[in-house]
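Shown next, in structure tokens, is the structure this report addresses.
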Amino acid sequence: EAQVTQNPRYLITVTGKKLTVTCSQNMNHEYMSWYRQDPGLGLRQIYYSMNVEVTDKGDVPEGYKVSRKEKRNFPLILESPSPNQTSLYFCASSWLQSNSPLHFGNGTRLTVT
Amino acid sequence: QQQVKQSPQSLIVQKGGISIINCAYENTAFDYFPWYQQFPGKGPALLIAIRPDVSEKKEGRFTISFNKSAKQFSLHIMDSQPGDSATYFCAATSFSGSARQLTFGSGTQLTVLP
């Protein structure tokens with residue numbers, strides 16, 4: 001089954017404690033992206049990757065890091081989480097073309113206290 | 001800088017009614033306009049999409065109307081059902097060969113009353 005898998009689904013942590021949210025896709029997609037969803041703000045892009053070892057900033061990259069060492073994996077790293085990073089996070093993948101639909105994971109709800 | 005503006009933020013419709021969600025974009029380089037539907041606890045999923053050389057696309061009860069000159073597009077849900085209750089996002093996307101740009105609207109929470 002074609003899917004994007006994120007882990008964990010829920011995460012509660014404290015300010016400053018490094019964490020990683022994993023994302024894996026089994027469709028051999030070149031394009032992968034991370035979004036955060038906040039009420040009234042919609043889906044805002046954090047980082048995206050066009051292919052292995054090619055990553056770039058989205059609209060809200062501050063406080064986040066990513067890596068793309070393998071085509072299927074695109075982890076999101078918060079080196080020193082802060083309460084304003086409490087949010088619902090989604091990973092997505094697709095082919096590069098404009099008309100290729102994004103396939104989303106089921107989300108990771110992160111709470112930073 | 002919000003490149004895709006979506007309205008309304010929330011919408012309540014009676015069963016059988018028509019739901020209309022509007023979006024406007026600024027960047028004329030966008031060349032594909034999808035709508036995504038999101039149910040609670042799930043990631044968004046593609047619902048319907050349109051190219052800018054087409055003025056209307058219909059799939060079942062869902063229709064996109066596109067006005068290229070006004071840089072506006074809208075989603076119409078005919079005969080709305082309680083199962084349509086979800087959050088809807090419009091989006092605009094382009095691919096230049098070296099970069100793919102995809103921008104979402106702020107979302108509309110639709111509630112269809114039984």
Side-chain angles (χ1 to χ4, degrees), chain A residues 1-10 21 23-25 27 29-51 54-60 68 74 87-109, chain B residues 1-10 21 23-25 27-54 57 59 64 66 86-109:
Chain A
E1 179 190 355
Q3 60 185 2
V4 177
T5 303
Q6 288 179 238
N7 281 297
R9 288 295 307 274
Y10 301 91
V21 184
C23 175
S24 180
Q25 51 96 2
M27 294 164 280
H29 287 156
E30 303 103 341
Y31 182 87
M32 297 187 74
S33 183
W34 276 102
Y35 296 88
R36 60 178 289 173
Q37 183 176 3
D38 302 288
L41 298 177
L43 292 160
R44 294 181 294 168
Q45 190 177 51
I46 302 170
Y47 269 94
Y48 66 93
S49 170
M50 301 283 283
N51 214 325
V54 181
T55 63
D56 208 345
K57 296 176 181 179
D59 299 318
V60 288
R68 187 95 181 271
F74 191 45
S87 187
L88 179 58
Y89 292 86
F90 287 100
C91 179
S93 73
S94 74
W95 303 112
L96 288 174
Q97 293 77 10
S98 294
N99 62 355
S100 174
L102 280 177
H103 296 258
F104 284 84
N106 281 329
T108 296
R109 184 165 293 282
Chain B
Q1 181 183 359
Q2 188 179 7
Q3 295 195 53
V4 179
K5 294 184 179 180
Q6 183 172 346
S7 63
Q9 187 170 351
S10 63
I21 304 171
C23 285
Y25 64 98
N27 188 347
T28 55
F30 289 134
D31 59 8
Y32 201 64
F33 300 86
W35 285 87
Y36 286 80
Q37 180 187 52
Q38 182 185 29
F39 293 107
K42 298 290 187 180
L46 179 68
L47 177 65
I48 186 173
I50 196 167
R51 299 189 323 265
D53 57 346
V54 176
K57 183 173 181 180
E59 290 184 0
I64 300 177
F66 191 86
T87 300
Y88 292 82
F89 294 97
C90 62
T93 181
S94 65
F95 175 58
S96 66
S98 60
R100 178 177 181 176
Q101 183 174 5
L102 196 156
T103 302
F104 285 91
S106 55
T108 296
Q109 187 164 353

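Just so it is clear: chains get the letters A, B, ... in the order the sequence lines come, proteins before strands, and each one is counted from 1.
- No side-chain donor-acceptor contact under 3.5 Å links R44(A) to the backbone of S106(B).
- When all heavy atoms of T93(B) and S98(A) are compared, the pair lying nearest together is CG2-O, 3.2 Å.
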Inset, instruction - May I have the step-by-step check of side chain to side chain contact (heavy atoms under 4.5 Å, CB included) for M50(A) and F95(B), ending in yes or no? - result: CA-CA 11 Å; M50(A) 301 283 283; F95(B) 175 58; 3.6 Å; yes
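- Distance CD/Q45(A) to CZ/F104(B): 8.5 Å, rounded to 0.5 Å.
- Here P44(B) is the residue among P44(B), G107(B), S10(B) with the most heavy-atom pairs under 4.5 Å with chain A.
- Residue Q9(B) qualifies as open at atom CD: its count of foreign heavy atoms under 6.0 Å is 12 or below.
- Summarising the local packing, NZ of K42(B) is surrounded by 12 or fewer heavy atoms from other residues, nucleotides or ligands at distances under 6.0 Å.
- Put simply, the side chain of Y36(B) gets close to the backbone of L102(A): a donor and an acceptor are under 3.5 Å apart.
- At a threshold of 4.5 Å between non-hydrogen side-chain atoms, the residues Y48(A) and Q101(B) do not count as touching.
- The closest side-chain donor-acceptor pair between S94(A) and R100(B) falls under 3.5 angstrom.
- Here the straight-line distance linking atom OG1 of T103(B) with atom CG of L43(A) works out to 11.0 Å at 0.5 Å rounding.
- Chain B forms more heavy-atom pairs under 4.5 Å with one residue of V4(A), L96(A), D56(A), L41(A) than with any other, namely L96(A).
- Of all residues in residues 31-39 of chain A, those placing a non-hydrogen atom less than 4.5 angstrom from a non-hydrogen atom of chain B are Y31(A), Y35(A), Q37(A).
- Heavy atoms of R9(A) lying under 4.5 Å from chain B belong exclusively to its side chain.
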